[in-house]
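Below you'll find the structure, written out as structure tokens, and then a few comments.
Residue numbers run from 1 in the order of the sequence given.
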Amino acid sequence: MSVEPDEADEPGWEVDPDDEWALAVVATVGRQLRLRREAAGMKAPDFGMAIGYGEDMVYKVEAGTRIPRPEYLDKADGALGAEGLISAMKEDVAKVRYPKQVRDLAALESRAVELMSYGSHAMHGLVQTEEYARALLMTRRPSPPNGKLDRALAGRMARKAIFSRSPAPELSFVLEETTLRRPVGGKMVHRAQLEHLLGVAQLRNVELQVMPMERWDHPGTGGRIQVLKFADGTAVGRLDDEFNGRPVQDPRQLRILELRYGIIRAEALTARESLAFIEQLLGET
């Protein structure tokens with residue numbers, strides 16, 4: 001069975017050269033795979049043929065420059081008779097599967113007891129459907145390779161685990177009307193996104209509000225605002241046009257973020273009005 005180069009590149013994700021932890025994990029997994037392959041007396045081309053991948057992919061994984069997908073490890077386990085030892089590496093690989101920035105954000109969200117988010121240009125990733133998120137990611141320039149795009153998309157979708165946490169955190173989202181009207185991904189993707197928002201808005205721990213376009217006199221014109229609060233009383237926040245856009249934890253800076261977010265919520269439609277607005281918009285779409 002021959003494997004074309006493009007197909008061989010599909011079963012893994014590239015490792016971010018600045019992500020030291022991911023580099024260490026993937027290098028260790030790759031070294032173990034190479035040692036087991038050599039101990040079994042298999043050359044890389046034969047091993048690739050046995051598991052259905054190209055020789056180039058085998059070398060990339062073993063060199064620690066490619067993050068193998070779970071199915072790659074399962075097939076390698078079977079081909080090398082590892083009796084589950086290689087498949088067990090999936091747990092370690094899963095921890096570095098997503099970009100570091102996404103992992104760090106997901107770790108913070110997993111601890112949060114309260115999340116507040118205002119977005120001026122796009123909906124928060126937590127309320128995006130997979131198709132909507134993919135369409136947004138595809139607008140990036142330069143265009144990301146498919147593997148990098150898939151990795152970013154998978155990371156964004158994995159963060160949705162926050163909705164199934166128990167006890168559930170309190171989640172507040174304020175969305176600009178313009179983001180609701182923009183037909184990202186085309187009509188069907190747009191409709192599915194609006195329907196998804198209606199479902200999210202009816203969760204007991206979620207308050208979703210819409211900021212009408214005519215309401216411009218509020219402190220959200222400088223960009224997105226996000227605040228995460230934790231059970232120990234600490235918090236972290238970010239504001240696009242302040243503090244160089246970096247996360248802040250200083251209580252004085254957090255007060256500025258909460259002040260602005262409070263004004264934005266007061267200016268936006270109520271949760272009930274917002275639900276009716278989205279239903280009306282869906283009917284027009």
Side-chain angles (χ1 to χ4, degrees), residues 13 97-110 112 114-141 143-165 168-211 213 220 223-228 237-240 245 261 264-265 268-269 271 274-275 277-282 284-285:
W13 302 273
R97 175 181 176 184
Y98 311 121
K100 184 178 185 301
Q101 183 179 5
V102 175
R103 296 200 310 268
D104 292 345
L105 181 56
L108 289 173
E109 290 173 346
S110 69
E114 185 177 351
L115 178 151
M116 299 179 288
S117 172
Y118 163 76
S120 58
H121 304 300
M123 299 182 199
H124 195 287
L126 290 176
V127 299
Q128 295 174 9
T129 65
E130 183 171 351
E131 294 77 14
Y132 183 95
R134 179 181 292 278
L136 276 182
L137 290 169
M138 289 178 68
T139 65
R140 292 182 176 178
R141 294 296 182 272
S143 300
N146 287 336
K148 189 172 183 179
L149 187 150
D150 290 343
R151 191 179 177 211
L153 179 63
R156 185 170 298 185
M157 293 300 102
R159 288 168 48 209
K160 288 177 174 286
I162 194 172
F163 289 107
S164 57
R165 275 177 46 198
E170 295 298 318
L171 308 176
S172 169
F173 302 97
V174 179
L175 310 177
E176 281 285 347
E177 179 184 343
T178 52
T179 65
L180 298 177
R181 291 189 177 277
R182 186 174 296 122
V184 173
K187 182 175 181 178
M188 297 309 296
V189 171
H190 185 206
R191 283 187 57 85
Q193 177 62 56
L194 294 176
E195 291 171 348
H196 178 68
L197 287 177
L198 291 176
V200 171
Q202 296 184 58
L203 296 175
R204 293 184 59 188
N205 63 313
V206 174
E207 184 150 338
L208 192 150
Q209 295 175 257
V210 174
M211 178 68 75
M213 287 190 292
R224 60 182 171 177
I225 298 174
Q226 296 186 54
V227 178
L228 294 171
R238 186 171 69 175
L239 180 61
D240 278 351
Y261 191 75
I264 288 171
R265 288 190 67 181
L269 300 177
S274 298
L275 190 63
F277 179 88
I278 296 173
E279 288 175 338
Q280 179 181 342
L281 183 56
L282 179 60
E284 298 171 356
T285 303

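What you find for Ala135 and Gly185 is that their closest heavy atoms are CB-CA, 3.7 Å. Nearest heavy-atom pair, Ile264 versus Ile225, reported as atom, atom and distance to 0.1 Å: CD1-CD1, 3.7 Å. For Gly220 against Ser120, the heavy-atom pair with the smallest separation is O-CB, 4.1 Å.
Using modelled atom types, one side-chain atom of Arg191 and one backbone atom of Thr285 make a donor-acceptor pair closer than 3.5 Å. Proximity of a side-chain donor or acceptor of Arg224 to a complementary backbone N or O of His121 within less than 3.5 Å is not detected. Judged by distance alone, the side chain of Ser274 and the main-chain N or O of Val210 form a donor-acceptor pair under 3.5 Å. Put simply, the side chain of Lys160 never gets that close to the backbone of Thr129: no donor and acceptor are under 3.5 Å apart.
Atom CG in Leu194 sits 11.0 Å away from atom NE2 in His196 (nearest 0.5 Å). Between Met116 atom CE and Leu228 atom CG the span is 8.5 Å, to the nearest 0.5 Å. With rounding to the nearest 0.5 Å, the separation of CD in Glu176 from CE in Met213 is 9.5 Å. To the nearest 0.5 Å, atoms CZ (Phe163) and CD (Glu109) are separated by 9.0 Å. Taking CD of Glu170 as the start and CZ of Arg204 as the end, the distance is 9.5 Å to the nearest 0.5 Å. The structure places CG of Leu136 at 6.5 Å from CZ of Arg156, a figure rounded to the nearest 0.5 Å.
A 4.5 Å side-chain heavy-atom check between Pro169 and Ile162 finds at least one atom pair inside the cut-off. By the 4.5 Å heavy-atom criterion applied to side chains, Val127 and Leu197 are counted as neighbours. Side-chain contact check for Leu175 versus Ile278: every heavy-atom pair is 4.5 Å or farther apart. Residues Glu114 and Val227 are not in side-chain contact: their nearest non-hydrogen atoms beyond the backbone lie 4.5 Å or more apart. The closest side-chain heavy-atom distance from Leu281 to Arg181 is below 4.5 Å. Here the side chains of Phe173 and Met123 are not in contact, with every heavy-atom distance at 4.5 Å or above.
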Trace of the side-chain contact (heavy atoms from CB on, under 4.5 Å) decision for Gln193 with Leu180:
CA-CA 9 Å; Gln193 177 62 56; Leu180 298 177; over 6 Å; no
Leu171 vs Leu203, side-chain contact (heavy atoms from CB on, under 4.5 Å): CA-CA, chis, key distance, verdict:
CA-CA 10 Å; Leu171 308 176; Leu203 296 175; over 6 Å; no
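Residues passing the ring pair (Phe, Tyr, Trp, His ring centres under 6.0 Å) test with Tyr132, sequence neighbours excluded: none. The side-chain hydrogen bond (donor to acceptor under 3.5 Å, both in side chains) search around Arg265 returns Glu207, Gln209, not counting sequence neighbours.
Side-chain polar atoms of Tyr261 and Gln226 form no donor-acceptor pair below 3.5 angstrom.
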